[in-house]
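Single-structure report; data block below.
Residue numbering restarts at 1 for every chain, and letters A, B, ... go by the order of the sequence lines. Here the structure is a predicted model, which means the values were calculated and not measured.
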Amino acid sequence: MSKPIQITTKPGSSKEYKTGSWRTSRPVFKHDTCNDCRICVIVCPDSCVSGGDFKYDADLDFCKGCGICAHECPVDDIDMVLEVK
Amino acid sequence: MSKPIQITTKPGSSKEYKTGSWRTSRPVFKHDTCNDCRICVIVCPDSCVSGGDFKYDADLDFCKGCGICAHECPVDDIDMVLEVK
Amino acid sequence: MKEIRLHGRGGQGVVTAAEIIGQAAFADGMFALAFPSFGSERMGAPVQSFVKISDKPIRARNQIHEPDYLIVQDSTLISMIDVTSGLKSGGLVIVDSERKPEELGLKIDGRVLTIPATKIAMEIIGRPVQNTTLLGYFAAVTGLISFDGVKKAIEERFPGLIGQKNVQAAQKAFELAGEVVNV
Amino acid sequence: MKEIRLHGRGGQGVVTAAEIIGQAAFADGMFALAFPSFGSERMGAPVQSFVKISDKPIRARNQIHEPDYLIVQDSTLISMIDVTSGLKSGGLVIVDSERKPEELGLKIDGRVLTIPATKIAMEIIGRPVQNTTLLGYFAAVTGLISFDGVKKAIEERFPGLIGQKNVQAAQKAFELAGEVVNV
Amino acid sequence: MTESTKTKKQKPPVEESLLTCGHRACAGCGEALGAKLVMDAAGPNTIVATSTGCLEVFSTAFPQTAWRMPWIHSLFENSAAVAAGIEAALRNKGKHDINVIAQGGDGGTADIGLGCLSGLLERNQNVLYVCYDNEAYMNTGVQRSGLTPYNARTSTSPSGTESFGNQHQKKNLLGICAAHNIPYAATATVAYPQDLMMKVKKALKIPGAKFLQVHVPCPLGWIHKSELTIEVAKLAVSTGLFPIVEMQYNKVTRTRKIGKDRRPVEDYLKLQGRFKHLFTDTAKDELEKVRQIAQANIEYFGLE
Amino acid sequence: MTESTKTKKQKPPVEESLLTCGHRACAGCGEALGAKLVMDAAGPNTIVATSTGCLEVFSTAFPQTAWRMPWIHSLFENSAAVAAGIEAALRNKGKHDINVIAQGGDGGTADIGLGCLSGLLERNQNVLYVCYDNEAYMNTGVQRSGLTPYNARTSTSPSGTESFGNQHQKKNLLGICAAHNIPYAATATVAYPQDLMMKVKKALKIPGAKFLQVHVPCPLGWIHKSELTIEVAKLAVSTGLFPIVEMQYNKVTRTRKIGKDRRPVEDYLKLQGRFKHLFTDTAKDELEKVRQIAQANIEYFGLE
Amino acid sequence: MKMMIEGSMGVAYMVMRCRPNVIAAYPITPQTHIVEDLSQFKADGELSGEFINVESEFGAASVVLGAQAAGARAYSATTSQGLLLMGEVLFNMAGMRLPVVITVANRAISAPISIWNDHSDAMVMRDSGWIMLFAEDNQEAADMHPQAYKIGENPEIMLPVMINMDGFILTHAVETVDIPSQKEVDEFLPPYKPEEYLNVENPLTFGNLAEPQWYMETRYKLQETQEDAKALIEKIADEYKGKFGRYHGGLIDTYRMDDAERVFVAMGSIIGTLKDVVDDLRARGEKVGILKIRSFRPFPKEKIREVCGHVKELLVLEKAISFGLGGVLQEELRSTFYGQKHQPKVLGFVLGLGGRDIPPKSLIKLYEVSKGKEISNEFVDLRPEVAPKGSLVTL
Amino acid sequence: MKMMIEGSMGVAYMVMRCRPNVIAAYPITPQTHIVEDLSQFKADGELSGEFINVESEFGAASVVLGAQAAGARAYSATTSQGLLLMGEVLFNMAGMRLPVVITVANRAISAPISIWNDHSDAMVMRDSGWIMLFAEDNQEAADMHPQAYKIGENPEIMLPVMINMDGFILTHAVETVDIPSQKEVDEFLPPYKPEEYLNVENPLTFGNLAEPQWYMETRYKLQETQEDAKALIEKIADEYKGKFGRYHGGLIDTYRMDDAERVFVAMGSIIGTLKDVVDDLRARGEKVGILKIRSFRPFPKEKIREVCGHVKELLVLEKAISFGLGGVLQEELRSTFYGQKHQPKVLGFVLGLGGRDIPPKSLIKLYEVSKGKEISNEFVDLRPEVAPKGSLVTL
Ligand SMILES: Cc1ncc(C[n+]2csc(CCOP(=O)(O)OP(=O)(O)O)c2C)c(N)n1
Ligand SMILES: Cc1ncc(C[n+]2csc(CCOP(=O)(O)OP(=O)(O)O)c2C)c(N)n1
Ligand code: SF4
Ligand code: SF4
Ligand code: SF4
Ligand code: SF4
Ligand code: SF4
Ligand code: SF4
Ligand SMILES: [Mg+2]
Ligand SMILES: [Mg+2]
C-alpha cells in the first residue's frame, strides 16, 4: 500500500510561477511626487507592489503591466513604459 | 419491435378507486336549513359534494368523512354520523 | 416459523402492532421479523404489515403470502380487499368487530374469531386505537406470544399513563379469550 | 503531412492564426486540422495552437510534438519556455521580432526567420495584432498555403474594413519575404 | 327565501372538479383542497407541472390519476423548470392562450426547488408558480422544511430535553420571490377560498412570472382534527402568523387586515399537536418568541 | 510634508497579501483585486471555500496556489454549503474564533449556487458569503449570468439583427439575500477599497450569516482597458447602475449617496465593448431603458 | 446490547457510537427514519455532533464534504433521487480523498417514481471512487458503520465509503440488533486525525485545478488505492470479529459453498432469503450455495475466483440493470472469469425492481427451470401480460 | 456545403437544421461554443427555436424535459460536471420516454477539476436508459444529430439520445464539415409528432407513481426498447447514407479488420489517430484493424461477436475507469465473449484521462510490447514517478 498522491498545495507556492513576462508595459515608479498614500499597493490585482517611506516598486517578476497603479496614483508618480520585446 | 409500455394515465381515472371505505364518520346532509351557499361544495378536499337548489349531498363512494363540510356549513345543515363497522 | 399478516388502515397502527408482536416474541426469547408493506397511501387507506416468529433466526425477507394468522384491524376491509388471500389451511383470522364471526361472511378453510377491540379501547383508553387490544387477544388465543411479552413491548413503546391504559385494554381482551387455537 | 505549431500569449490570437492557416489550406484545396492546446490560462499567459496540413484527410488527433514549422508570435516566450522543443531536423522557425534571427539565441537544427509583424500591424492596422501579418509571411516563405488562401480566410473571419487592413498587413509581410524555405 | 332566489343561486352548474375524487390524500387534507381550488379557478385550458410530494403521490398512483387537465410530474425539485419548458414549447408553437401552472409543496419550492424557481422568475416566463405551504415535508413523514415555523415539532426537528422543535424561523419565501421583481407575488390560504381563487385568476391574466403561496393545513403533520383544516387556517391568519398579502414588482399592494379579529397565537397553536410541547412551564419564553413573530408580521405588513 | 509625517505613514508593515502574486488572472482583473482586498481585510485567521470560476482557476493550477490561508474548492455551485460544513466542524470542535468565508462569482452565486446559498442564509450559520460580481460567466468565456446587466452583450446573449444583447434585467441578488432576514447584507466595489475592507471586517464581527456582493470589472469580458478597472467600477456607482448599500435584517441601513457626482450612464457604457452596440441609431430606445434602470435604482435606494 | 428495533434505529445508534462531528442529511423515503432517529438523539442531548438541516441532498453532501475537509468526521444518508442529486459531489469527494461515510437505503430510480427497493441507485455511483459495501441484514448494516470509518480513514486509503442497505426491506424491518457500548466502539474506532485538513496553522489549498500533465496520475492513484483497500476491508472485518465476535464476511461471504456446483451470487438482503432457499434445495440433495458480494467496490475479482474454483454454474440475482447492456453484476462476473482456466457458466437474472417482492418459491423455480439453459438478463416475476414469450418465472 | 469550421459550429449548424423548438443549455467548457453559436443564430434571426438561458444544468435538462413533454423537439448540450448535475433528470427523461437529444462534449470529472477530455462523464450515465452514441470526427458528430432525433423519436423507441464528442479534441478542432441544406435535412427528418403529449384536448397525466405491482414492467420495457433500437440505429445510418452519401458505421464500424488478428477497440476521436497507427503497422506487415464502437448504449454485443470471429486479440483503449473494478469497455467486451465459442484475448488499456495527449508512438509501442501479455487496466503514458513498476508505456 502506498500513500494517496499529493493533491493539496502549499500556501503561496504560486510565486514559483512568474507572470512578469506577460507584460507588454511596465510601471516605472518615479519616486518623485509620491505622497505615500499606498494606493498603488492596494489596487494592484497581482499583489506585487510593495514599499514604504515614499518609495514603492513593483516586483517585475510578477507585475503584468495592467497599468492600474499608474492610472490610480493620485500624483502621477508612476509611468507605464512599453516593454521592448 | 413493440410499442413502449403505456405510462400515461387517463384524466380522472382515479374514480375507479373508491375511497369511501376509509371513512369512520359520514356526513348527513339534512336538507333542512340549507341556504344554498355552496360552501360544502367548495371546501370538500375530495371534490365529492355536489348538488344545487338547496340540496347537496356527498358521494359516499369517495367521501372520506373528514367533517370539514359539516364544520364549515354556516347553518349546521350537515351532521357527522359514525359509520357502523 | 409462524407467519402473521395484519390488515388495517393508515393511522390505525397496523405497523406498530406488527412491531409489538415482534418485540413480545423477542421478550419471550424467540426470534422475530416485523415489517410493513410500505404503501404510499395516506391515513385511512388499506395497509398491511407482517410478522414472522420462530425459534431460529429469521432470514427470509419476502412478504407473507401464506400466513398462519391474520389480524384484521378494520372489518370494513373485508368487503374491499381479499384479506384472507393465501391463508394457510386451518389458519386463524382475528377480526376487530362487534359482530359474530359467522356474520362477517368470511369463507375460509380455518377459524375466524372476533373481538370488539375498538369498543374495548374506547372504554379503557378513551380513543379508538384497537391495535394493542387486539394483541392481548392474539396472545391469548394463539399462545404464540406471552401476555407478559405483549405487556413489556407495549410499555417500552408507550411509556407512562398511555402505555398503562393500553396494557389494561390488552389485558381485558386477553381475559375475554377462550381456548388456545393452535394453527 | 506538414505540422505547424504556433506559440503566443492569451489574447494574441494564436488560436485564430492556426484556424486561418487551416482555412487557407482549405481554400487551396487541401485538408487541414487546426486546434488549440486548450490551456486554462488567461490573457497574457503562454498558449499554443496546432495545424496539420495534408493532401489527404487528416485523422490523427494528437498534439504536435515534432513540428515542421514553428510560428512564435511573442519573442519573449523564447526565454520562458522551450518553444523549439521537438522541431524536426531542418525545420523552420518564424518569430515576430525586430531583431535578427541570430540575436534570438535559438539553437536548433533548422532555420530561423524573423519578421517585425507587430510593428507592421501597428503601422497598417493600428493595433498590435501580429497574427495575420505573420501568416502572410508564413505563406510567402513556406509556400505551404497561398496568399490568396490567407486573404480569403482573413476576409471570411473579419468582414469589412478591419479584415481589409489585416489583409494589407499580411500582404506587406508577404512581400517582405525572401525565397521559399522548403522543410 | 323565495323560490326565485333559490333558482338564481343554483346557477353555477355542478361541474366535476379538475382535481377529482378518488385521490388518496388523508381525510381533511388542506393541500388537496388548495389544489382543487387552484385548478378550478384556472380552468381546463391549463397545463400543470407538479413537484414530487403529497400532492403528486396521492393523486397519481398508476394506472390512475385524479387530474382532469394535462398534467406532468418529473422530479421533486424541478416543476418550475419543467413548466418553463412547457411555456417555451407553447410559445414557440404560437399557442399563447394556454395557462401554465407549476406547483409544489413548501419543501419542493423553498428548499430544494428554489434554484429552478429563481431561474423561472428571473426569466419572467409566463408561468404561475403555486406553492402549497403545509410547513413541512409531509410526503416523507413530516420533516422540517425551510417553511416550518419556529418551534414546530417535526420528525427532524423533534422536541426533546435539549430542543423545543424547529430552531429556524420560517423562511420569507414571498419576500425572496418578490425580490425577483416579478409582476405579481401573493399569499393566500384555504381559509378564504374566494380570495384564493380570485388571486389565481388575477395572476393568470398578468403576463410574466407570478408566484402564489397558499397556506394548507395538514391534519397528519400538524396533528389537528381533520374537520378543523379551515378553522386552523383561519387562525393562522387572525393570529398574524400567516399574513395574506399581494405584491407587485416587489412592493406590497394589498393586505388582508386583521383588525379586531386578531387572536392570540395560543388559539392557533393549541389546536395542533406539533406545538403541544410549548404549553409547559419551561416553554414560556419560547411561546413568547412565537408571539413576537406574529407581532413582527403584523407590524411589517401593517395588518392592524 | 515633514520627515515625521512620512515616518508615520510608513506604519502599515509591508505584508505579503493573502492572495499572493504568481496567479494567472488577466492583467487588470477586478476579481483578483477584489479577492485580495477581501482576504487581507479578513486576515489569516480565516478559512475560505471558493466556487469554480476565474478566481479558482487562475489561482490554483496544480502544483501551485496563490492562497496563503486554508482554502478549498469543491464545485461550482456549493461553496456556501462547503463553508457551512466547515463552520459546523469548527463549532463542534469549539473553535469559535476562526472566520469562515465562502466566495464565488456572480454565476456561482446568483444562478447555480443559489440553492446552497439560500440554505446557508436560512440556517443563519456564522459564515460570510462574498459574491464577486463581474456580471457574467467569465471563466467559461463570458456567457450571460443572472447578474449580467440589461442589454450587455455576452457570448450567450449576443447582439445581432434581432437582439441588443441580454434581455433580462440584472437579478436583485442583494434583495433576495436580504429577504432571508440575515443580520447583514451589503454591496461594495473595488472602486472603493477602504469601504470594501471595512465591510468585510464589520461583517466578520457579526455572528450569523452575512452576504457581500462586490462589483469587480473584468477587462476581458467587459472589454475595457486593463488600467481602467477601477475607473469603470467607480462609474458603475456614480451612474446609479451599481448602488452601494448596507442592509440589516432586510432593511436598508446605509447607502453611498451619489449626489452631485452623478454621471450619465453613457460615460460608463462607452468605456466597455460589451455595450458598443448600444451606440447606434437603432439602439436609442435601448439606451434609454438603461437610463431608466439607473434612475430606478437611485430612486429606490434614495441615492441622490 | 441486543434490541428488537428497526434497522434504521440500529444504524442510527451505530452512527452515534462512531461520534460523527457533523451530520447533514435531507429526508427521502426510505432513508428518513435513520435521520429522524439521529435528530431525536440530538434533541435529547445524546448526540454531540452537529445536525445540519439542509435544503437538498446536493447541499447535504456538500456540507459533509466541507466538514470532513475541516478535519471533522462526517455522516450523511440518502437514497435514489437523493443519491443521484448528490452525484457530482460524491465523485468530487472521492477525488478529494475525504473519508465521509454515507448510508444508502437503496431504492429504485424515477421515472416512474417508486419509493421501493432495488439497487439501481447505488449502481449509478459505481465509477465514483467510493468504497461500496452491501449489508445482508440489520446487524450487518449497523456493524458496517464503524468498519466503514476505519477503512476510509486509514491514512493509506482516505476514501469515502457508502453503506448500502435495502430500503424498507431492511430499514423498516424490526429485528434483533446487538448495539455495542460506546466504550467498545471507541476502542475499535479511534478519533479521526487526518494528516492534512483545513486549518490556519498549516494553510494548505484543497481542490486545485489539474492540467493534463497532472490529472491522470490522481486517477491512477485512486484506482491503486481501491485495490489496496481490498486487503484492508478483510483485515478490518477480522478485527471487528475479534473485538465484537461478529463476522459478516470480508470482501465476500459464502454459504454452503464448499461442495456447491451451482451457486447463487447476490448482494444485500436477498442473501437472507436465499439462505432459506439453499437449505431447502440442499435438503432435496441439490449441491447449491451462495456467494455474497459484500464489497462491490473494490470488486473482489481475485477472491471470487478463489472461492469458485469448483463451481460449475453461477446464478446471478440482481436488482438493477444497465439499460442497453444488461445486469451489472452478471457482466462483471463474466468478465471476472474471462480468460481464466476455470470458467463457470454465468446465468443472469434481474429481479425485485421497484419493490417487486422476491418469494422463495420464485427463486426455487428459477433454480430448477434454469438448469442447462443459457440465461442473461432474464427478468423474474414480470406480470404475464408484459413478460416476453418463454419467460421462466412470471407473476 | 463544405466548410472549414470548428466542430462546435458544425454541430450548431446541424442542430439548427433539425429545427428544435426549444433549446436550453448552461455554459460549461468545452461545450460552450456550441451554445454560443446557437445563441448567435438566434440573435441573428436564423434559428426559430426558443433559446432559454437557464440557471444550471439541472434547470437546462428540466426545461428540455418539459418542452419535449409538451410536444416540442428539444435540445441541450453539456459535459462533465454539468452532465453529472443533470443526472437525476436524465434518468427521469428516459423513464418518461422523451426523445430529447443532447450533445456531450466529453470531459473529465472533478476532483481534481479538469476541463480536458476523457469519457468518464458519459460513463456515469450508462445505466440511464439513454441511447449513447460516440462520434469519431466532426463530420460524424454533426451527422449524428438528425440521425439521433430520427432514432429517438421513432414511435416504437421514444428514448432520448446522447451524442458524445470529445471535448476540445473535436469541439475546438477546425476541420472540414459538410453541412447539408435545410431542405435536405427536412426531407430526412420529419417534424416531431408524438402520439401523446401535454395538451388540453387530450389531458393525460405524465409521470405517475408506480407501486411495486407496476414498476418493474416499465423497466423491462425500457430494456426491451434498447434492444429494439439496435436494428433501428443501423437502419437509420443506412438511410442517412442513402440520402447524404455519408456513412460512419451503424452500431459499430470497422477498419481494416477483414484479416486482422489483433484489433484495437475504442470510441470517439481516438479512432482517427488509430487509423494512422493501423496503416503504419499494416505497412510493417502487422495484421491489425480497428473496431469502432459507435453505439455504446445499446451495446452491440451480437454485432461485435459477428465481426470478431477471426480476431485473436482485442486491444481495448479507453478513456475512463470504474474505480475499484477497471475499464468499463474492456469489462463489457470480456463479458460479450464470455461463454462463446470464440473467445479472443482481451487486453485493456486506460489512456487519455483528463486531456493527456495520445501520441501515435505510444499506441504503436503499446501494440508492440503488449504482444503475448495478459493486460487489464494498464494506464498508458503515466508520469514515470507515479507509474507502477513494469508499466509498459510511460511519459
Ligand atoms: C431529490 C429528492 N430528494 C428527496 C425526495 C423525497 N421527497 C419526496 S416528496 C418530499 C417532501 C415533500 O415536501 P413538500 O414539498 O413540502 O410537499 P408536501 O409533501 O409537504 O406536500 C421529499 C423529501 C425526492 N423525491 N427527491
Ligand atoms: C455544474 C457546473 N456547471 C458549469 C460549470 C462550468 N463553469 C465553471 S466556472 C463557470 C462560470 C463562472 O462564472 P462566475 O461564477 O460568474 O465566476 P467568474 O468566472 O465570472 O469569476 C462555469 C459556467 C461547472 N464547473 N460546473
Ligand atoms: S499611489 Fe502614487 S502616491 Fe500613492 S503611494 Fe503609490 S506611488 Fe506613491
Ligand atoms: S501595472 Fe498592474 S500588475 Fe503591475 S504593479 Fe501596477 S497594478 Fe500591479
Ligand atoms: S354549506 Fe350548508 S348551507 Fe351551504 S350549501 Fe352546503 S349544506 Fe347548504
Ligand atoms: S366529510 Fe369531508 S370528504 Fe366527506 S363530503 Fe364532507 S368535506 Fe367531503
Ligand atoms: S400528509 Fe398532510 S398534506 Fe399529505 S395527504 Fe395527508 S393531510 Fe395531505
Ligand atoms: S476573465 Fe475577467 S475575471 Fe477572469 S481572470 Fe480575466 S479579468 Fe479576471
Ligand atoms: Mg410540505
Ligand atoms: Mg462572473
Side-chain angles (χ1 to χ4, degrees), chain F residues 50-54 56-57 59-63 65 72-78 82 105-118 136-148 151 153-168 171 173 176 221 277, chain H residues 8 12 23-61 77-86 105 107 109-116 167-168 171-172 354-355 383 385-386:
Chain F
T50 304
S51 298
T52 312
C54 271
E56 163 261 337
V57 167
S59 62
T60 66
F62 190 84
T65 178
I72 185 171
H73 157 255
S74 162
L75 298 172
F76 183 24
E77 60 275 43
N78 69 355
V82 170
D106 47 301
T109 306
D111 295 342
I112 200 166
L114 191 64
C116 286
L117 175 59
S118 176
Y137 301 127
M138 295 311 172
N139 183 47
T140 39
V142 199
Q143 295 85 15
R144 177 206 166 272
S145 84
L147 296 190
T148 299
N151 272 342
R153 176 160 63 88
T154 72
S155 58
T156 53
S157 64
S159 60
T161 54
E162 310 281 312
S163 168
F164 287 100
N166 181 38
Q167 289 312 293
H168 303 291
K171 204 171 191 168
L173 180 61
I176 293 168
H277 58 288
Chain H
S8 300
I23 298 170
Y26 191 75
I28 178 164
T29 309
Q31 152 265 39
T32 39
H33 292 189
I34 299 173
V35 288
E36 289 171 9
D37 292 340
L38 285 167
S39 53
Q40 188 68 57
F41 293 158
K42 177 76 188 168
D44 290 336
E46 292 174 42
L47 176 82
S48 67
E50 307 301 321
F51 187 95
I52 312 289
N53 284 310
V54 286
E55 73 295 335
S56 72
E57 286 89 357
F58 191 91
T78 189
T79 176
S80 179
Q81 310 303 118
L83 190 72
L84 262 62
L85 190 58
M86 284 187 175
R107 157 182 154 178
I109 290 178
S110 177
I113 187 167
S114 162
I115 57 173
W116 293 274
F168 284 120
T171 55
H172 285 52
R383 296 168 84 94
E385 67 269 28
V386 174

Counting heavy-atom pairs under 4.5 angstrom with chain H, the leader among F/G107, F/G146, F/S155 is F/S155

If one checks every heavy atom of H/Q81 against chain F at 4.5 Å, the contacting part turns out to be side chain

Sort out for me which of F/T60, F/D111, F/L75 touches chain H most, counting heavy-atom pairs under 4.5 Å. F/D111

Quick check on F/F76 against chain H: is it the side chain, the backbone, both or neither that has a heavy atom closer than 4.5 Å? side chain

Quick one about F/S145 and F/D106 (side-chain donor to acceptor, distance below 3.5 Å, no hydrogens or angles considered), yes or no? yes

Can you measure from CD (F/Q143) to CD1 (H/I28) and round to the nearest 0.5 angstrom? 10.5 Å

With a 4.5 Å cut-off on heavy-atom pairs, point out which of H/P27, H/G45, H/A25 contacts chain F the most. H/P27

Residue that, paired with F/R144, satisfies side chain to side chain contact (heavy atoms under 4.5 Å, CB included) out of F/T148, F/V142, F/L147: F/T148

Applying a strict 4.5 Å limit to non-hydrogen atoms, the region of H/T29 in contact with chain F is both

Mind running side-chain contact (heavy atoms from CB on, under 4.5 Å) on F/I112 and H/E55 for me, showing each step along the way? CA-CA 5 Å; F/I112 200 166; H/E55 73 295 335; over 6 Å; no

CG (H/D37) and CG (H/L47) are apart, to the nearest 0.5 Å, by 11.5 Å

For chain F, find which of H/V54, H/V35, H/L85, H/N53 contributes the most heavy-atom pairs closer than 4.5 angstrom. H/N53

Gap between atom CD1 of H/I115 and atom OG1 of H/T32 - 0.5 Å precision: 9.0 Å

H/F58 versus chain F, the contacting section by heavy-atom distance below 4.5 Å: neither

